[in-house]
Protein chains: 2
Amino acid sequence: MTFSIATIAAANVATPPMPAPQPRTAGTVTGRCAGCSARSKGLCGALAAGDLPDLSTTSRPLDLLSATPVVMEGEEADAVFTVMSGMLKLYKTLPDGRQQITGFATAGDVIGLTVGTGYAYTAETVTASTVCRMPRTALRRLMERHPAVQGRLLAMTSVELLAAQDQILLLGCKTAVERVSSFLLALSRRSRPLADGTPSVFLPMPKVDIGAYLGLRPETLSRVLRKLEVAGAITRLTNDRIRIEDPVALEAAA
Amino acid sequence: MTFSIATIAAANVATPPMPAPQPRTAGTVTGRCAGCSARSKGLCGALAAGDLPDLSTTSRPLDLLSATPVVMEGEEADAVFTVMSGMLKLYKTLPDGRQQITGFATAGDVIGLTVGTGYAYTAETVTASTVCRMPRTALRRLMERHPAVQGRLLAMTSVELLAAQDQILLLGCKTAVERVSSFLLALSRRSRPLADGTPSVFLPMPKVDIGAYLGLRPETLSRVLRKLEVAGAITRLTNDRIRIEDPVALEAAA
DNA sequence: GACCCGCCCTGATCTGGATCAACCGTACCC
DNA sequence: GGGTACGGTTGATCCAGATCAGGGCGGGTC
């Protein structure tokens with residue numbers, strides 16, 4: 001039986017870099033958020049520097065090993081999490097165990113938002129990650145005190161909705177080759193090119209997870225990647241990095 | 001060539017009940033929104049009765065025939081529409097013409113919301129419908145004047161996101177029988193049962209549209225409905241109405 | 001009335017991706 | 001080192017749903 005850290009905060013937390021619970025001295029606490037790498041992203045970007053104490057007193061960073069559940073579908077949603085580093089997968093599960101990954105979360109993404117009382121999906125780290133936990137009550141208070149937070153929340157939710165509708169189009173209409181090509185292109189737009197300028201994508205998650213995101217079996221994904229490689233559209237540098245050789249060809253395939 | 005009424009307001013508007021542009025007499029205008037059947041839903045539900053003039057002066061109802069486009073994917077998003085009656089389909093189109101319906105909109109739903117400058121999908125009536133048009137600038141002003149509107153917007157967007165994620169699960173994992181069963185159950189939860197108390201669903205849209213929503217061909221949909229009928233789970237009363245005979249069996253199939 | 005057209009249904013066949021099975025390379029552990 | 005477990009790849013086969021084809025029916029028009 002696994003428990004999510006939403007309810008059992010001590011589970012699966014990496015030992016060395018976890019900061020011990022800090023006293024609420026304003027100085028220390030403001031400094032923590034001020035130096036945060038995700039400071040300008042997520043919900044926190046909606047706040048001015050002067051408002052940081054409101055964040056620091058309620059939020060707490062957590063360093064997590066890979067394969068650690070953060071929130072569990074259906075569990076009571078008592079906190080939201082901002083990803084500071086690493087990558088998580090978000091997925092839904094059918095009663096018989098089939099899983100559909102609805103998205104991957106990286107730095108700046110906020111997970112655990114919900115309209116009801118329970119989380120809508122399970123979130124689990126795919127690499128070692130750092131997330132920042134904020135209780136739901138604190139988020140509510142933050143929204144009341146800072147209307148800009150609500151606006152940011154609306155903008156983020158709208159962007160997620162757009163992405164979800166694109167995914168619906170992908171799953172409902174596209175072939176395996178089109179799905180993989182679309183996926184690689186979408187990732188390459190969000191990542192830095194290699195030193196020589198050619199675009200590349202980093203795939204830290206296992207192939208079975210990419211398949212579960214695209215509605216494909218890992219065998220099919222493997223075959224499609226090989227086909228794209230033979231066609232000269234991509235090169236597989238390592239198991240977790242692909243170089244895009246011909247973005248135009250990929251675009252045509254997507 | 002078709003044009004959406006977002007840009008050409010006079011096209012495809014039904015002749016008789018279309019109210020002529022009204023003078024801005026506060027009385028008339030407040031009355032229009034006060035008597036609106038969608039008054040408590042959509043964005044308008046976030047406003048108190050005293051604030052109705054803010055709505056009435058900027059919104060305008062439109063009666064539309066079936067198969068009328070309201071917004072077109074990619075077109076400049078200069079207005080949002082609240083559905084007052086009827087039904088619309090929302091869909092995305094691939095370059096080669098394949099279409100994926102992302103949802104159906106009924107009374108109270110708001111269409112045309114977007115984060116960017118262009119609409120994210122095409123919306124088209126499937127039955128004769130009445131929608132209420134509000135320019136985007138008016139919505140922006142309304143949000144500034146009434147913070148509750150923004151909250152309502154956030155709630156509505158979040159609910160849509162949940163629905164989109166459920167649809168991703170459906171398209172990514174489920175079989176044809178599971179998709180159709182899930183669809184019928186979801187609809188039956190939102191509709192009134194028949195006079196004798198048994199639940200039923202109303203399907204005014206053509207079968208090809210239901211298929212495009214569920215990621216199935218119409219032939220497959222037809223076969224699945226027949227199979228469910230033979231199994232005793234449903235009865236097809238007319239072409240556009242189905243009675244749910246055995247909700248438990250449907251639940252099991254979904 | 002006769003005709004047409006769009007929607008729906010049903011049967012026959014095809015196929016893209018799933019499934020089943022085997023193998024390989026790498027990481028980890030004793 | 002050897003053993004083992006896991007992720008990834010490849011090949012062979014299968015099948016759910018797509019595609020192709022034909023026919024029925026109801027509504028609209030002349």
Side-chain angles (χ1 to χ4, degrees), chain A residues 65-67 87 89 94 96-101 124 126-128 170-183 202-230 234-242 253-254, chain B residues 65-67 87 89 94 96-101 124 126-128 170-183 202-230 234-242 253-254:
Chain A
L65 301 175
S66 63
M87 178 177 281
K89 59 176 176 181
L94 289 176
D96 66 357
R98 280 174 289 173
Q99 295 186 342
Q100 175 65 34
I101 292 182
E124 184 182 315
V126 296
T127 66
L170 181 143
L171 292 170
C173 285
K174 296 189 182 180
T175 65
V177 171
E178 291 167 342
R179 292 180 198 199
V180 175
S181 302
S182 302
F183 175 67
F202 177 48
L203 303 167
M205 66 293 264
K207 296 276 177 291
V208 64
D209 284 348
I210 300 175
Y213 178 62
L214 298 177
L216 300 173
R217 300 284 123 188
E219 296 95 325
T220 303
L221 177 62
S222 176
R223 284 184 247 268
V224 170
L225 286 176
R226 160 160 272 279
K227 183 185 280 191
L228 290 176
E229 188 165 27
V230 169
I234 63 172
T235 304
R236 306 169 85 165
L237 302 175
T238 65
N239 191 33
D240 59 6
R241 183 163 291 278
I242 287 177
Chain B
L65 301 175
S66 64
M87 179 176 282
K89 59 176 176 181
L94 288 176
D96 67 356
R98 280 173 288 173
Q99 295 186 341
Q100 175 65 36
I101 292 182
E124 184 181 316
V126 297
T127 66
L170 180 144
L171 292 170
C173 286
K174 296 190 183 180
T175 65
V177 171
E178 292 167 340
R179 293 179 197 199
V180 175
S181 302
S182 303
F183 176 68
F202 177 48
L203 302 167
M205 66 293 266
K207 295 279 176 287
V208 65
D209 284 347
I210 300 176
Y213 178 61
L214 298 176
L216 300 173
R217 299 283 122 188
E219 296 95 325
T220 303
L221 177 61
S222 175
R223 283 184 248 268
V224 169
L225 287 175
R226 158 161 272 280
K227 183 185 281 191
L228 290 176
E229 188 164 28
V230 168
I234 62 171
T235 303
R236 305 168 84 164
L237 303 175
T238 65
N239 190 33
D240 59 7
R241 183 163 292 279
I242 287 177

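Chain letters run A, B, ... following the sequence lines, proteins first, then strands; residues in each count from 1. Atoms considered below: every heavy atom in the structure, side chains included; atoms not considered: hydrogens, waters and symmetry mates.
A sub-4.0 Å separation between OP1 or OP2 of dT9(D) and a side-chain N or O of Arg223(A) is absent. Under 4.0 angstrom from either OP1 or OP2 of dA18(C) there lies at least one side-chain N or O belonging to Thr220(A). For dC9(C), the OP1/OP2 oxygens have a side-chain nitrogen or oxygen of Ser222(B) closer than 4.0 Å. Taking 4.0 angstrom as the limit, Arg226(B) places a side-chain polar atom (N or O) nearer than this to OP1 or OP2 of dT10(C). Dashed line: the shortest gap from a side-chain N or O of Asn239(A) to OP1 or OP2 of dT26(C) is not under 4.0 Å.
Side chain of Arg217(B), nearest nucleotide from dG8(D), dG17(C), dT19(D): dT19(D). You'll find that the side chain of Glu219(A) is closest to dT19(C), out of dG8(D), dT19(C), dA21(D).
Annotation for Arg226(A): atom CZ does not count as buried by contact number, only 12 or fewer foreign heavy atoms lying within 6.0 Å.
Between Leu203(A) atom CG and dG7(D) atom P the separation is 16 Å, expressed in whole Å. The distance from atom CD1 of Ile242(B) to atom P of dC8(C) is 11 Å, rounded to the nearest whole Å. The distance between atom CZ of Arg98(B) and atom P of dG16(C), rounded to the nearest whole Å, is 13 Å. Note: CD (Glu229(A)) to P (dT9(D)) measures 9 Å, nearest angstrom. To the nearest angstrom, P of dA16(D) lies 14 Å from CZ of Arg179(B). When rounded to the nearest whole Å, the span between CZ of Arg236(A) and P of dT9(D) equals 4 Å. Computed from coordinates, the Leu225(A) CG to dT10(D) P distance equals 10 Å when rounded to whole Å. Distance, Lys227(B) NZ to dT10(C) P: 13 Å, rounded to whole Å.
Side-chain N or O atoms of Ser222(B) include none that pairs as donor or acceptor with a backbone N or O of Pro218(B) at under 3.5 Å. Although no hydrogens or angles enter the test, the distance criterion places a donor-acceptor pair under 3.5 Å between the side chain of Lys207(A) and the main chain of Asn239(A). Using modelled atom types, no side-chain atom of Gln99(B) and backbone atom of Ala212(B) make a donor-acceptor pair closer than 3.5 Å.
Within the nucleic acid shown, Gly215(B) comes within 4.0 Å of sugar-phosphate atoms alone, with no base atom in reach, counting heavy atoms only.
Considering Val224(A), Ile210(A), Leu170(A) in turn, Leu170(A) is the only one that fulfils the side-chain contact (heavy atoms from CB on, under 4.5 Å) rule with Arg179(A).
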